[in-house]
Amino acid sequence: MTRTRPLHELAGLLPVRSATTDLPHYAETEGAPAVCARQTGRRLTDAEAAAAPRFCSQCVKVAEKLVALDAESAEPASPLIDAARTFTDSVELRQRNAEILTLAEAVGQVLVHGHYVLEPHYAAPGATSTLCREDTVSRELNDELSARVSILCGECEKAARLQSERLISEARQAANEAGARVRTDPDPTNPEWVAALERLTVPLDFLTKYDPVTSEAITAADKEITDELAADEPTEGDVLITALAKLGRHAYPGGEGGVTFVILAAAPDAPNDPTFPYDRPHVLLYAGEQADRPASQHREPWSAHLHGADGDYVATLNPNFTGRLNAADDATRVAREVDEWLRAFHGPA
């Protein structure tokens, strides 16, 4: 968003020096604590404020929120808009809390309260000073309090992110080195190869959890492998068509309106022609609404339904089956039932 005036002016705040660091802050009045709750020094001149490369990140967030609230207050009141904003704020707070907790876990820190600054800090477990070194630890937050934190000391967060970047870089290097050995002459009986595999597991677990780039790459690779395996795996319909073929019945995959099925002609002397069953009495077999899923995903038992030459429904051949069978067993079951039913009316295939 392009601003014609400095952010602190838009938010009605003053640019001020920090009492302890070179990083400038925003405050409501000169001499008052910064909006991030840190102690401040004198007010910055307009030239000093304009020349400052950056301000406290937490102060900037508060200022941007104040500007946004001013803009929202000018909009017409609406219960729907108010409810949407409340929901959005709630979601954003939960997301922010998850971000803070994940970063803490990645770098081995806990959330604490300091003696001098109101906002929570990071600190190493059992440490007496905060990660930012600008405060001392008053108490460690328990799980219930940590789950409510959505504001964090900006300097602690900056230091934690630097640590996280370093740990991710080190984990990537360790994973690459161990992965190179694992890919070379794989041999589960070789202690050196097994040790390399163990060395690979630890950094990969870390990267999967804390490195979005690696996590996305692993997810994409897993999906690619799954898709490749699924492409090679027979579908539920393929398994059923094979079972029917063993009984001399020609069956074919079909579909309509997003629903897929297996179709076969009722007549025992039907030719091996996928178009033949549609204009003659035929049987439609369904496994739920999809018959083209991989066979390993077979979850609903096959059902068989007789239709006339005009396509109108006539009868369900096996309405009472409620068992749970794997794809092969269920295909064998329904193929046998359909074959026996058709034999009773038309004779053997």
Side-chain angles (χ1 to χ4, degrees), residues 57 94-112 120-133 137 140-143 146-147 149 152-236 238-239 292-299 326-328:
S57 60
R94 289 197 300 271
Q95 291 174 339
R96 176 60 177 153
N97 176 256
E99 182 182 59
I100 290 171
L101 294 179
T102 300
L103 180 59
E105 187 178 66
V107 296
Q109 300 286 309
V110 294
L111 286 167
V112 300
H121 294 267
Y122 284 146
T128 57
S129 64
T130 60
L131 182 61
C132 65
R133 303 297 181 188
V137 175
E140 182 178 331
L141 302 189
N142 60 27
D143 291 344
S146 295
V149 172
L152 181 69
C153 163
E155 293 305 304
C156 280
E157 183 167 5
K158 178 183 174 182
R161 292 199 180 281
L162 289 173
Q163 286 189 19
S164 175
E165 292 171 3
R166 175 179 58 78
L167 291 172
I168 287 173
S169 177
E170 292 173 354
R172 287 178 180 173
Q173 181 177 352
N176 287 334
E177 292 173 354
R181 174 62 190 92
V182 170
R183 291 190 299 271
T184 304
D185 298 327
D187 182 4
T189 65
N190 185 333
E192 181 189 359
W193 185 86
V194 173
L197 183 61
E198 292 175 352
R199 291 197 305 274
L200 176 62
T201 301
V202 174
L204 270 187
D205 286 346
F206 179 87
L207 293 171
T208 300
K209 193 169 185 179
Y210 303 117
D211 178 19
V213 175
T214 302
S215 179
E216 289 176 8
I218 291 175
T219 300
D222 286 345
K223 184 179 184 304
E224 184 177 344
I225 293 171
T226 300
D227 290 345
E228 288 178 358
L229 292 175
D232 295 335
E233 182 182 351
T235 67
E236 296 169 283
D238 293 334
V239 176
D292 55 357
R293 290 170 297 208
S296 60
Q297 297 180 21
H298 184 69
R299 298 293 181 269
N326 63 43

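Everything numeric in this text was worked out from a predicted model, so none of it was measured.
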Checklist entry - Has the side chain of Ser169 got a donor or acceptor atom that lies under 3.5 Å from a matching backbone atom of Glu165? => result no

Checklist entry - Does any N or O in the side chain of Tyr122 come within less than 3.5 Å of the main-chain N or O of Ile100, such that one atom is a donor and the other an acceptor? => result yes

Checklist entry - Any side-chain donor paired with an acceptor under 3.5 Å for Glu99 and Gln95? => result no

Checklist entry - Should we say atom CG of Asp185 is surrounded by more than 12 heavy atoms from elsewhere, each under 6.0 Å from it? => result no

Checklist entry - Does any N or O in the side chain of Asp238 come within less than 3.5 Å of the main-chain N or O of Thr235, such that one atom is a donor and the other an acceptor? => result yes

Next on the checklist: So which atom in Ala295 and which in Ala327 form the shortest heavy-atom distance, rounded to 0.1 Å?
Outcome noted: O-CB, 3.5 Å

Checklist entry - Are any non-hydrogen side-chain atoms of Val149 and Asn97 less than 4.5 angstrom apart? => result yes

Checklist outcome for this item: Between the SG atom in Cys153 and the CG atom in Leu111, the distance rounded to the nearest 0.5 Å is 11.0 Å

Checklist entry - Below 4.0 angstrom, N of the basic side chain to O of the carboxylate: do Arg166 and Glu170 qualify? => result yes

Checklist entry - For the atom pair CD (Glu236) and NE2 (His298), what is the distance rounded to the nearest 0.5 Å? => result 5.5 Å

Checklist entry - Between Gln163 and Leu131, is a side chain to side chain contact (heavy atoms under 4.5 Å, CB included) present by the stated rule, with each step listed? => result CA-CA 11 Å; Gln163 286 189 19; Leu131 182 61; 3.4 Å; yes

Next on the checklist: Evaluate Phe206 against Ile168 for side chain to side chain contact (heavy atoms under 4.5 Å, CB included), listing each step before the verdict.
Outcome noted: CA-CA 8 Å; Phe206 179 87; Ile168 287 173; 4.0 Å; yes

Next on the checklist: Between Arg181 and Glu192, is the side chain to side chain contact (heavy atoms under 4.5 Å, CB included) condition met? List the steps.
Outcome noted: CA-CA 9 Å; Arg181 174 62 190 92; Glu192 181 189 359; 3.5 Å; yes

Checklist entry - Does a side-chain N-to-carboxylate-O contact under 4.0 Å join Lys209 and Glu105? => result yes

Next on the checklist: With rounding to the nearest 0.5 angstrom, report the CG to NE2 distance, Leu152 to His121.
Outcome noted: 8.5 Å

Checklist outcome for this item: When every non-hydrogen atom of Ala178 is compared with those of Ala196, the smallest separation belongs to CB-O, 3.6 Å

Item to check | Side chain Gln109, main chain Ala123, donor-acceptor under 3.5 Å | outcome: yes

Checklist outcome for this item: Interatomic distance, CG@Leu207 vs OG1@Thr214, rounded to 0.5 Å, equals 4.5 Å

Next on the checklist: Within the 4.5 Å heavy-atom criterion, are Val110 and Leu141 side-chain neighbours or not?
Outcome noted: no

Item to check | Distance (rounded to the nearest 0.5 Å) between Thr189 OG1 and Asp187 CG | outcome: 3.0 Å

Item to check | Inter-residue atom distance Asn190.CG - Leu197.CG, 0.5 Å rounding | outcome: 11.5 Å

Checklist entry - Which residues pass the salt bridge (Lys or Arg N to Asp or Glu O under 4.0 Å) test with Lys158, sequence neighbours left out? => result none

Checklist entry - How close do Cys132 and Cys156 get, heavy atom to heavy atom, and via which atoms? => result N-SG, 3.5 Å

Checklist entry - Do the side chain of Ser164 and the main chain of Ala160 share a donor and acceptor less than 3.5 angstrom apart? => result no

Next on the checklist: For Glu155 and Arg133: C-alpha separation, side-chain torsions, deciding distance, then whether salt bridge (Lys or Arg N to Asp or Glu O under 4.0 Å) applies.
Outcome noted: CA-CA 9 Å; Glu155 293 305 304; Arg133 303 297 181 188; over 6 Å; no

Checklist entry - Can you check side chain to side chain contact (heavy atoms under 4.5 Å, CB included) on Leu103 and Glu157, steps first, answer last? => result CA-CA 8 Å; Leu103 180 59; Glu157 183 167 5; 4.1 Å; yes

Checklist entry - Less than 4.5 Å apart, any side-chain heavy atom of Ser146 and any of Leu101? => result yes

Checklist entry - Considering all heavy atoms of both residues, which atom of Trp193 and which atom of Pro186 are nearest to each other, and what is their separation? => result NE1-CA, 3.2 Å

Next on the checklist: Under a 3.5 Å distance rule, please check whether Ser215 uses its side chain to pair with a backbone N or O of Asp211 as donor and acceptor.
Outcome noted: no

